[in-house]
Amino acid sequence: MLNPRWFMKMSMWARNPPSAKKVMFVFAIIAICLALFVVERFIGWPEWATPNRMGRRAF
């Protein structure tokens with residue numbers, strides 16, 4: 001079930017839709033995320049991009 005706050009946000013977006021630049025920016029971010037997912041899933045993640053495990057440090 002949707003929260004009533006979401007209905008208010010949807011009505012505000014319907015009255016004042018975002019600009020075309022903002023929509024394209026969001027789609028570009030989603031495309032970059034999907035491209036990274038595809039690379040990791042089908043090609044594999046490069047070793048140089050994997051962080052090293054440091055372990056716990058006692059302070």
Just verifying a value: how many Å separate Arg41 CZ and Leu34 CG, rounded to the nearest 0.5 Å?
13.5 Å

Which Ile, Leu, Val, Met, Phe, Trp or Tyr residues join Phe25 in one cluster when any pair of side-chain heavy atoms under 4.5 Å counts as a link?
Ile29

Listed by chain and number, what are the side-chain contact (heavy atoms from CB on, under 4.5 Å) partners of Val23, not counting sequence neighbours?
Pro18, Phe27

Sequence-distant partners of Phe7, side-chain contact (heavy atoms from CB on, under 4.5 Å), two or more places apart:
Leu2, Met10

Can you name the side-chain contact (heavy atoms from CB on, under 4.5 Å) partners of Pro4, sequence neighbours left out?
none

Which residues satisfy the side-chain contact (heavy atoms from CB on, under 4.5 Å) test with Ser19, sequence neighbours excluded?
Lys21, Lys22

